[in-house]
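Since the structure comes first, as structure tokens, the remarks are kept for the end.
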Amino acid sequence: MKALCWNGVRDLRVERVDDPKILNPRDAIVKVTMSSVCGSDLHLINGFIPSMQAGDILGHEFIGEIVEVGPEVHQLAIGDRVVVVSIIGCGECTYCKEQLWSLCDNSNPNGVLQEKIFQYPTAGIFGYSHLFGGYAGSHAEYIRVPFADHGAFKIPEDIPDEKAVFVSDGMPTGYMAAEMAGVKPGDIVAVWGAGGVGQMAVQSAYHLGAERVIVIDSIDYRLAAAASHSNAEVINYEDTDVLEVLKEATGGRGPDCCIDAVGMEANSKGVEHYYDRAKQALKLETDRPAVLRQAIAACRKGGTVAVVGVYAGFADKIPMGLFLNKGLTMRGGQMHGQRYVPLLFDLIREGKIDPAFMLTHPMPISRGAKAYELFNKRADGCIRAVITPHA
Amino acid sequence: MIKNVGITERLLSVAAGAFLLGKTWRRSKGRPIPLLAGGYLIVRGSLGYCPLSHWIGKKNIHNPAINIKVVMTVSKPREMVYQYWRTLRNLPSFMAHLQEVEEKDEKHSRWVAKVPGTDGIIEWEAEIVKDEPQRLIGWQSTDGAIIRNAGKVQFFDAPKQGTEVRVIFSYHPPAGGVGVGIAKLLNPLFKGVIEDEIRNFKRVIEAGEIPTTVGQPAGVRTGKFKLI
């Protein structure tokens, strides 16, 4: 089959590889119909996440059709149209049982390796480096899905592909961000990052009762999409002093909830940006935490900062004095997708959250590298390019 | 002074160090890295002590016993966890280096292990020396085993639910003649492999399978790797 493989920093190639096989009794094989690019892939492509190996198949946000099931798969049948959650959970460990799927004890084959860095192993993720299991990703014609009964969900017939695909990762990440930020009716919420996850965090925050949601980014077309599709107020940080504007816009209090949907490759202005670029290039920090710093500074006293933008390791100059003295709460996590899928199906059907507008560029797998190039450069109005391996 | 470098290796070390020093000195009048490396090899050879070897776990010339300790919490009741382990023939389901464990009677068993990196196998007999149902199982190899080994597993209730499992394995390499080859197998790498395998117990008993990617498709492995 054809698959989009990582071959080095900003070097992606479509290669001919073997078709996947059932390797464990709880595996299923899925014929991939749509597989979305994700902002977190850019950290792999741009070389900021360790343990990538040439030949790794990328992609983790996808839908498809079940074509084969292992002997211990009981909830799925051949022909089922499914969305598969990007993180892999065994369903049996204490974390999965408590619905903390991304913390699964058992799904990461390289858990022992990962422990050397994180102290405890976390869940495997499709196409997301060997630290996260080294699982082959979804930018391919077929993919093997371990623990398929837990990770693959039948898509209700009335939900079209272009909405269902984002239930795999983008929507649950945005929803969990709003939930972790503790959004309550009447709250003012600030979201950094107007990419797919940020857009979904905006809609989820409104769903949870937010009075106003303000989005911060520098890409005008994405801010415009957040305004028109998600009813957000927008700030372009290139033109303004974000902290001043947020203070002004919230009657001098600051937002109740702040969401970092950007992560380790944050851009910022002036000296701060060059400082972080230099430290990251010299490996003195793995992450550029400009957004996290700003979120901590912007948040009202006693407010909550939720982090879903991906960080890999260590970041400098985190304003702990502000965090402590303002009495903030900070939460983070890779999303626990399996917990949110049924709820998100309902929200889509009720029209409360609509992700379809994010699919700006459907592309064949042969143009996979081009898809990421557009996405990486934020070119041509791209919010999400989605690969259609069988179109 | 502790010594952890054998005599052959000491001679080789001094020779290699001298070669490196001489060559570097002639060619480039002292580039620092080969100079330092050469000096290090000579010192290591003449003292018979290598801090690097020490650091990676080689504490003296004699291959010491390898002790492996694993602590894990599994989300299953203590009776079940104990029973799975007490049924010794289950052990190969999570420890891939074991080919077979045959229970001959209540106390005695025959173990067959694969020798890493070869087609060979090692066999030994073991007996259960302690058995406190739902609390503790202790076993050791009987006289005549090439690698004397013993193990102990303890089971405790975890605070909220599930079972804390404490596992200790120890392997004593044989002394002299035949023993040298086998002693080489019992290295830090072997230790890591066995540790990982013991931890697969949790995967097997909770998830019913050991996660793997062996046999999945990939593009051409050109060898390029992003370490940091």
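Here the structure is a predicted model, which means the values were calculated and not measured. First the proteins, then the strands, lettered A, B, ... as listed; each starts at 1.
No more than 12 heavy atoms of other residues, nucleotides or ligands lie within 6.0 Å of OH in A:Y95, so this atom counts as exposed by the packing criterion. Under a cut-off of 6.0 angstrom, the local environment of CZ in B:R148 is sparse, with at most 12 non-hydrogen atoms contributed by other residues, nucleotides or ligands. Other residues, nucleotides and ligands contribute at most 12 non-hydrogen atoms within 6.0 Å of the NZ atom of A:K2. Counting non-hydrogen atoms of other residues, nucleotides and ligands closer than 6.0 Å to NZ of B:K152 gives a total of 12 or fewer. B:F156 CZ: more than 12 foreign heavy atoms inside a 6.0 Å radius.
Looking at heavy atoms from C-beta onward, B:T212 lies out of side-chain contact with A:P109 at the 4.5 angstrom threshold. Using a 4.5 Å cut-off on side-chain heavy atoms (C-beta onward), A:M1 and B:P217 make contact.
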Practice problem: Could you walk me through whether B:M72 and A:D105 pass side-chain contact (heavy atoms from CB on, under 4.5 Å), step by step? | Solution: CA-CA 11 Å; B:M72 58 193 153; A:D105 271 338; over 6 Å; no
Exercise. Would you please test A:D27 and B:E209 for side-chain contact (heavy atoms from CB on, under 4.5 Å) and show each step?
Key: CA-CA 10 Å; A:D27 291 352; B:E209 62 185 43; 4.2 Å; yes
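A donor-acceptor pair under 3.5 Å is formed between the side chain of B:Q216 and the backbone N or O of A:A136. Checked by atom type and distance alone, the side chain of B:E206 never pairs as donor or acceptor with a backbone atom of A:N106 at under 3.5 Å. In this structure, A:S107 contributes its side chain and B:P211 its backbone to no donor-acceptor pair below 3.5 Å.
With chain B as partner, the option from A:V17, A:N24, A:D18, A:V9 having the largest number of non-hydrogen pairs under 4.5 angstrom is A:N24. Ranked by heavy-atom pairs under 4.5 Å with chain B, the list A:C96, A:P25, A:A3, A:G8 is led by A:P25. The choice from B:N200, B:V74, B:D196 that makes the most heavy-atom pairs within less than 4.5 Å of chain A is B:D196. Chain A forms more heavy-atom pairs under 4.5 Å with one residue of B:K202, B:R221, B:K224 than with any other, namely B:R221.
Taking the charged nitrogens against the carboxylate oxygens, A:E115 and B:R199 do have a contact shorter than 4.0 Å, which makes a salt bridge.
At a 4.5 Å heavy-atom cutoff, the contact between B:V214 and chain A is made by backbone atoms alone. At a 4.5 Å heavy-atom cutoff, the contact between A:R26 and chain B is made by backbone and side-chain atoms alike. Of the atoms belonging to A:P20, heavy atoms from both backbone and side chain fall under 4.5 Å from chain B. In this structure, chain A has no heavy atom under 4.5 Å from any part of B:E195. Looking at A:E92, the atoms closer than 4.5 Å to chain B (heavy atoms on both sides) sit in the backbone and in the side chain alike. Proximity to chain B (any heavy atom under 4.5 Å) is restricted, for A:N108, to the backbone atoms N, CA, C and O.
To the nearest 0.5 Å, atom CG of residue A:N110 and atom OG1 of residue B:T213 are 6.5 Å apart.
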